[in-house]
Peer 1: 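Can you read through this structure? Questions will come right after.
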Amino acid sequence: MKKEWKEQQNGCYTVRTCGWSPPGDHPVGCGMKLHIKDGRLVKVEGDAEHPISQGRLCVRCLSLPEYVHHPQRITHPMKRVGERGENKWQQISWDEAWDIIVEKTNAIKKNYGAESIIVFGGTGREACLYYYPLGFASLGTPNVCYPLSGWSCYGPRCAITDYILGAGYPEIDFAGHFPDRYDNPEYKVPEYIVLWGKMPLMSNPDGFYGHSLIDMMKRGAKIISVDPRINWLSTRAAHRLQLRPGTDTALALGLLHVIINEDLYDHEFVDKWCYGFDELKERVQEYPPERVEEITWVKKEKIVEVARLIAKSKPTAIQWGLAVDENPNGVQLGHAILAISAITGNLDVPGGITLGPPATLLGKWRVETRSELSEELWEKRIGAKEWPALSMALATTHPDETLDTLETGKPYKLRMGWFNSSNFITPTNSAQPDRWYRALKSLEFNVVQDCFMTPTAVAFADIFLPLPTFAEHDGVVITHFGRNAIFVGAMNKAFEVGECKSDIEVCIELGKRLNPEAWPWNSVEEFFDDQLKPELGFDFNDLREMGIYQPGYTYRKHEKGLLRADGEPGFNTVTGKVELSSTLFEMWGEDPLPYYKEPFYSPVSTPELAKEYPLILTTGARTFTSFHSEHRQISTLREITPDPIMEIHPDTAANLGIKEGDWVYMENMFGKAKEKAHLTPTIHPKVVHAAHGWWYPEKPAAEPSLFGVWESNINTLIPHKHIGKLGFGAPFKSILCKVYKTE
Amino acid sequence: MSRNGLLIDYEYCTGCHSCEVACRNEHNIPRGKWGIKLTEVGPWQVNGEEWEWDYIPVPTVLCDLCKERVAKGEKPSCVHHCLGQAMEYGTLEELAKKMESKGKKVALFIP
Ligand code: SF4
Ligand code: SF4
């Protein structure tokens with residue numbers, strides 16, 4: 001890429017940058033040029049020089065000027081003046097905001113202990129790098145919370161990988177590590193890509209550039225889709241396994257049954273690098289294709305055919321999705337999927353699954369800041385003792401335990417909340433958001449950081465701190481949050497709107513007031529220099545001039561002693577091998593081998609309930625026009641997706657008297673939500689799918705409306721603490737409901 | 001002089017709407033009007049295994065094939081931003097050749 005990242009052009013100037021929400025997406029780091037004129041962002045143009053995005057840009061970034069200059073955006077610190085929920089605010093200076101926050105924080109710490117402060121973080125935004133240090137190193141609390149029941153997003157997959165492979169996030173190989181991409185001589189295009197509970201075209205999950213799939217398909221890769229819905233991409237797939245929601249683990253075990261019993265596995269890899277193969281072989285005998293068909297609705301012939309393809313095609317890359325996390329049986333699912341990739345010899349080979357170290361760069365720093373806390377304080381982390389498998393891999397509280405603590409005051413009362421980029425009473429990252437809403441009222445003092453007044457901010461904020469968009473501050477985009485950094489990109493401040501402060505600016509400024517030793521940096525640039533230099537050898541300004549940095553890639557690291565801290569060949573696990581049977585799971589009282597467990601609520605496990613609630617509800621498929629609850633106020637995007645859509649099969653709809661475009665309720669024993677029906681044959685007649693993330697910025701802000709947040713709140717149908725034995729996974733994608741017209 | 005057009009590979013148009021918004025940005029087209037508009041065919045099942053579900057963007061009378069951008073040596077805005085890299089700009093002769101070699105699910109528009 002060109003060295004100049006800022007260019008003058010007749011009266012205006014352009015700034016090259018890489019994107020990361022707010023607003024838009026995960027750390028995907030798409031390249032673009034921001035056109036600034038008279039202090040306003042007038043246009044966004046994709047950067048053709050960017051080796052991953054290559055000029056392509058989605059509608060969320062193409063409409064960035066609307067987001068940045070939106071009349072409803074909050075761009076100054078605010079203090080609540082009415083009662084909570086009245087939406088009455090007074091603009092204050094940053095100095096006043098800091099004075100209030102510092103005084104309250106110190107008083108709460110002194111009177112009740114630092115543990116009575118809790119920091120909440122949301123999904124995927126840049127704040128993911130900073131809400132941990134904000135808690136550990138600025139505020140000094142051990143309680144940092146990702147409130148999604150069962151930590152059902154990304155965390156479970158990272159934890160499973162840590163325990164089974166001893167590695168960072170296993171991403172499919174899309175040649176992203178290489179500057180010359182698909183032309184790199186070491187690279188091979190996967191013969192088959194298995195998309196398991198994943199539709200990356202809209203979601204660009206964790207930093208994987210979704211449309212790389214199209215790049216690879218044009219280069220010959222074929223798709224196998226494992227999904228309860230036929231999505232657009234699966235209409236281009238070679239094979240579609242349209243399974244019953246929540247039965248994925250049975251399917252994975254069925255595939256292993258065929259691969260092992262037909263002797264299609266990679267003997268050399270299994271002998272040299274796997275632990276527990278014989279036990280796994282014995283376990284999968286319980287899952288012959290006939291039985292798996294009964295459980296999953298996938299035809300046994302299809303299971304056999306696909307298992308053979310996965311094993312015989314070299315390489316096959318399995319991309320596992322959120323469906324692994326949003327499943328109380330998901331640890332076993334993830335374990336089984338990793339086992340398939342391992343025994344078919346697809347780990348860390350060109351075009352297979354890439355493996356990085358468990359944490360690097362800012363991803364490592366964020367967790368290491370917990371050394372700021374005393375052992376005694378760290379011991380007080382909510383739910384850590386009860387859920388060791390979760391608390392060993394993730395430096396947070398246990399989300400479900402946190403709600404229990406808020407409700408009961410046990411083991412101690414929480415007093416202060418800090419909501420960092422998390423609007424979780426909307427149906428995003430919590431189950432039973434209405435229950436959280438009631439429980440959170442007990443907090444005495446709250447700070448909210450966001451770009452807009454959200455339902456969560458109106459309900460709880462005492463102080464609102466405005467966040468800049470990625471166009472308005474300096475930063476570093478690091479894919480997969482540093483757990484397999486495919487590239488690192490420079491985020492360059494192009495201009496300013498109001499007086500917003502980025503996550504890292506807030507960490508540093510608050511940290512300097514409360515715990516200055518942990519925050520020696522005098523500028524954001526100094527901070528990033530110190531983050532980049534030791535590991536990569538260049539500073540922030542060098543990164544700006546490079547645009548992005550791709551580190552290259554070494555395959556078969558297990559053979560070269562590059563995965564283990566001691567430099568020995570093998571994997572960084574207890575046994576030094578891929579643990580097909582897990583030593584740690586057993587230690588925590590879990591079955592060391594993958595097994596199938598019926599969803600908590602299903603026609604099979606709760607037939608009586610299924611009479612009243614006959615449909616299986618699955619939620620959370622993404623659209624191009626929003627990043628979870630972001631973008632609902634952007635009119636260009638609302639024009640494309642005006643309403644929350646639920647999908648229902650035409651035959652099912654006809655039986656219920658529902659027509660295309662009717663508003664319907666989905667209801668079950670836990671809650672109900674209203675969405676607009678879309679009739680489509682792509683969904684199974686016994687399954688419905690509902691969109692998440694909906695609130696209505698055009699509706700009244702004050703209580704009880706809170707921007708209409710309770711109208712289409714699909715997560716009210718998802719129960720609290722219905723999680724797996726190790727504390728991971730909740731049934732966001734497999735619950736029962738009934739559907740009826742609203743009038 | 002040969003005429004120019006837009007080629008759409010609708011095997012790989014993913015329905016992302018980037019062309020619509022990129023075109024609007026480039027030409028300041030107001031809401032409710034489009035220089036290019038996405039259409040949808042399907043989804044329906046052809047037979048037991050196969051599905052038909054296509055997105056095809058159709059350039060409208062407001063499309064000037066990005067005359068100004070092209071004169072500066074740039075690609076038309078829709079082509080540049082297309083997530084599926086499913087659009088191409090060129091002379092009809094070039095594009096017809098590409099259509100033939102692609103062989104399926106491809107359309108050529110002269111707006
Ligand atoms: S060529 Fe230009 S004017 Fe025509 S549809 Fe594409 S962006 Fe719009
Ligand atoms: S930008 Fe490309 S992929 Fe997206 S809708 Fe338009 S033609 Fe299709």
Peer 1: Would you mind checking which part of B:Glu26 comes under 4.5 Å of any heavy atom in chain A, side chain (CB onward), backbone (N, CA, C, O), both or neither?
Peer 2: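 Interface part for B:Glu26: side chain.
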Peer 1: Can you tell which part of B:Cys16 gets under 4.5 Å to a heavy atom of chain A, answering side chain, backbone, both or neither?
Peer 2: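 Both the backbone and the side chain of B:Cys16 come within 4.5 Å of chain A.
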Peer 1: Given heavy-atom pairs under 4.5 angstrom as the criterion, report whether the side chain, backbone, both or neither of A:Gln242 touches chain B.
Peer 2: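 It is neither, since no heavy atom gets under 4.5 Å.
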Peer 1: When you measure from the side chain of B:Asn25 to the backbone N and O of A:Leu62, does any donor-acceptor pair fall under 3.5 Å?
Peer 2: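 Confirmed, B:Asn25 side chain pairs with A:Leu62 backbone.
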Peer 1: Can you tell which of B:Glu50, B:Lys75, B:Arg24, B:Glu20 has the highest number of heavy-atom pairs within less than 4.5 Å of chain A?
Peer 2: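 Option with the top pair count is B:Arg24.
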Peer 1: Counting only heavy atoms closer than 4.5 Å, note whether A:Val44 contacts chain B via side chain, backbone, both or neither.
Peer 2: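 For A:Val44, the contact with chain B is made by the backbone alone.
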Peer 1: Roughly how far, to the nearest 0.5 Å, is CG of B:Leu38 from CD1 of A:Ile640?
Peer 2: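 Reported value, rounded in 0.5 Å steps: 9.0 Å.
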Peer 1: Find the distance between CG (A:Leu233) and OH (B:Tyr12) and round it off to the nearest 0.5 Å.
Peer 2: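 Between A:Leu233 CG and B:Tyr12 OH, I get 10.0 Å after rounding to 0.5 Å.
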Peer 1: At a heavy-atom distance under 4.5 Å, which candidate from B:Cys19, B:Gly32, B:Cys13, B:Ser77 has the highest pair count against chain A?
Peer 2: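 Top option by heavy-atom pairs under 4.5 Å: B:Cys13.
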Peer 1: Show the numbers, then the answer: is there a side chain to side chain contact (heavy atoms under 4.5 Å, CB included) between B:Leu83 and A:Cys58?
Peer 2: CA-CA 7 Å; B:Leu83 289 188; A:Cys58 76; 3.9 Å; yes
Peer 1: Side chain, backbone, both or neither: which part of B:Gln85 has an atom under 4.5 Å from a heavy atom of chain A?
Peer 2: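 For B:Gln85, backbone and side chain are both near chain A.
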Peer 1: Short question: side chain of B:His81, backbone of A:Gly46 - any donor-acceptor pair under 3.5 Å?
Peer 2: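 Pair found, side chain donor or acceptor close to backbone of A:Gly46.
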Peer 1: Measuring heavy-atom distances to chain B, does A:Met202 have an atom under 4.5 Å in its side chain, in its backbone, in both, or in neither?
Peer 2: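 The answer is neither part of A:Met202.
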Peer 1: What part of A:Ile230 gets within 4.5 angstrom of chain B, counting heavy atoms only: side chain, backbone, both, or neither?
Peer 2: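 Both the backbone and the side chain of A:Ile230 come within 4.5 Å of chain B.
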Peer 1: Checking B:Lys105 against chain A: side chain, backbone, both or neither under 4.5 Å from a heavy atom?
Peer 2: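 Contact with chain A: side chain only.
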Peer 1: When you check the gap from the basic side-chain N to the acidic O, do B:Asp54 and A:Arg236 get nearer than 4.0 Å?
Peer 2: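 A salt bridge is present here (some side-chain N lies under 4.0 Å from a carboxylate O).
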Peer 1: CH2 of B:Trp53 to OG1 of A:Thr680: how many Å apart, nearest 0.5 Å?
Peer 2: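 Reported value, rounded in 0.5 Å steps: 6.0 Å.
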